[in-house]
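Naming: A, B, ... by sequence-line order, numbering from 1 per chain.
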Number of protein chains: 2
Amino acid sequence: MAQDRPPSNRSTTQRAAVLRAVESVHTHPNAEEVYRLVRKNMPNISLATVYRNLHLLADEGKLREVQFLGDVLRYDAMTDPHEHFYCRACHRVWDLDSSLPETVLRATERKTHGSIERYALDYYGLCSHCRKSTTSRD
Amino acid sequence: MAQDRPPSNRSTTQRAAVLRAVESVHTHPNAEEVYRLVRKNMPNISLATVYRNLHLLADEGKLREVQFLGDVLRYDAMTDPHEHFYCRACHRVWDLDSSLPETVLRATERKTHGSIERYALDYYGLCSHCRKSTTSRD
DNA sequence: TCCACTAATAGTAATTATTCCTATTAATGG
DNA sequence: CCATTAATAGGAATAATTACTATTAGTGGA
């Protein structure tokens, strides 16, 4: 998870471009994919800058980090609470409307002695396309 | 996520030791930690063997893979459905009883066109200990 | 508008996590 | 017991991310 950092404010063209890149797609891109997107318009941006700004934007709440089993961190411009479906064959991600009732969250807070700041609810399976075109063995 | 593999059967002392190591702790250890545990009794086991067997045992359903945002894969000997609380400060994990009602699962299956095989519900926050001893900024 | 300050960047090296490779070892079935 | 071959040990290779550092460029004030 992105560590908290002292708040950063200087607004750079690179930071804006990284945010716009994630917002421009619905694929929940990882750092490498964001790098490829941004380089179309900003060929000299460095990969380290992409990583730094993705973390920063996540800390600021402008992006949401998501990660699926065995996969690398990805970024989601949809920051409102919602869940994900991850296809284990094609590795595509679908956004789902929030399905976790408040009652469940409250119950969990009672059971946990810690304070809950956020949660991730991720479903795994085969998407309709991959269910047709592959065997169940990936 | 562990890819499916052709079923493996030859039972080795290394494989048994890896399984026992994960079962012996409640910390949801990662590969490196399992390696350290196993080496106490089996000093020559190789790290690659630990990785291979962890994947294999997960495929066989004897272990469950878990992963939290920004962290590496960990392994859980509790394979029955349950949820996790992950402390973002000390990175310890707590098991929670299942709190996701069947009605929610069914509703999600209706919304998803894919078939759901499993899900992960992970809560993030500060555990009671870290809430006292750290500021909210990790 | 210019300047001084310093946060942020580009480019690259280093680190971390994981997988791959291969000669050797050992589990298994006959 | 062998013969077969899956699995291992050890190390090299790869992939993902972070760290390092000289240079660039936002920013706030004169």
Using whole Å, report how far CD of E33(B) lies from C1' of dT18(C). 15 Å
Polar contact flag, side-chain donor to acceptor under 3.5 angstrom, E83(B)-Y119(B): yes
Measure the distance from CG on L19(B) to C1' on dA7(D) and round it to the nearest whole Å. 17 Å
My understanding is that a hydrophobic cluster links ILVMFWY residues whose side chain heavy atoms are under 4.5 Å apart, including indirect links. Using that, what else belongs to the cluster containing L37(A)? V25(A)
Does any donor atom in the side chain of Y75(B) or E65(B) lie under 3.5 Å from an acceptor atom in the other side chain? yes
Output one letter per nucleotide in nucleotides 23-30 of chain C: B when a protein non-hydrogen atom lies under 4.0 Å from the base, S when only the sugar-phosphate is that close, - when neither is. ---BBS--
Using whole Å, report how far CG of L73(B) lies from P of dA16(D). 14 Å
Looking at G70(B), is its backbone amide N or carbonyl O close enough to the side chain of Q67(A) to form a donor-acceptor pair, meaning the two atoms are under 3.5 Å apart? yes
Measuring to OP1 and OP2 of dT18(C), would you say a side-chain N or O of H55(B) lies under 4.0 angstrom away? no
Ring centre gap for Y123(A) and F85(A) strictly below 6.0 Å: no
Length of the CG-P vector between L56(B) and dT19(C), whole Å: 13 Å
If you count the non-hydrogen atoms of other residues, nucleotides and ligands that lie under 6.0 Å from CG in D95(B), is the total more than 12? yes
Sorted by number, the residues of residues 22-32 of chain A with heavy-atom contact under 4.0 Å to DNA chain D: none
Say whether R74(B) and N30(B), considering side chains only, have a donor N or O and an acceptor N or O under 3.5 Å apart. no
Please state how far atom CZ in R15(A) lies from atom C1' in dA25(D), giving the value in whole angstrom units. 13 Å
Quiz question: by atom type and distance under 3.5 Å, do the side chains of H91(B) and D71(B) form a donor-acceptor pair? no
What is the distance, rounded to the nearest whole Å, between atom CD of E60(A) and atom P of dA7(C)? 16 Å
In whole angstroms, how far is the P atom of dT17(D) from the CG atom of N53(A)? 15 Å
Can you list the residues that meet the salt bridge (charged side-chain N to carboxylate O under 4.0 Å, His left out) rule with E23(B), with sequence neighbours excluded? none
dT18(C) phosphate, OP1 or OP2, under 4.0 Å from Y51(B) side-chain N/O: yes
Going by number, which of residues 42-50 of chain A have a non-hydrogen atom under 4.0 Å from DNA chain D? L47(A), A48(A)
H91(B) atom NE2 is separated from dT16(C) atom C1', nearest whole Å, by 15 Å
Taking distance alone, no hydrogens or angles, what donor-acceptor pairs closer than 3.5 Å link side-chain atoms of residues 39-48 of chain B to residues at least two apart or in another chain?
| residue | atom | partner | partner atom | Å |
| --- | --- | --- | --- | --- |
| R39(B) | NH1 | Y35(B) | OH | 3.3 |
| S46(B) | OG | T49(B) | N | 3.3 |
| S46(B) | OG | T49(B) | OG1 | 3.1 |

Will you find, in the side chains of H26(A) and H28(A), an N or O donor that is under 3.5 Å from an N or O acceptor? no
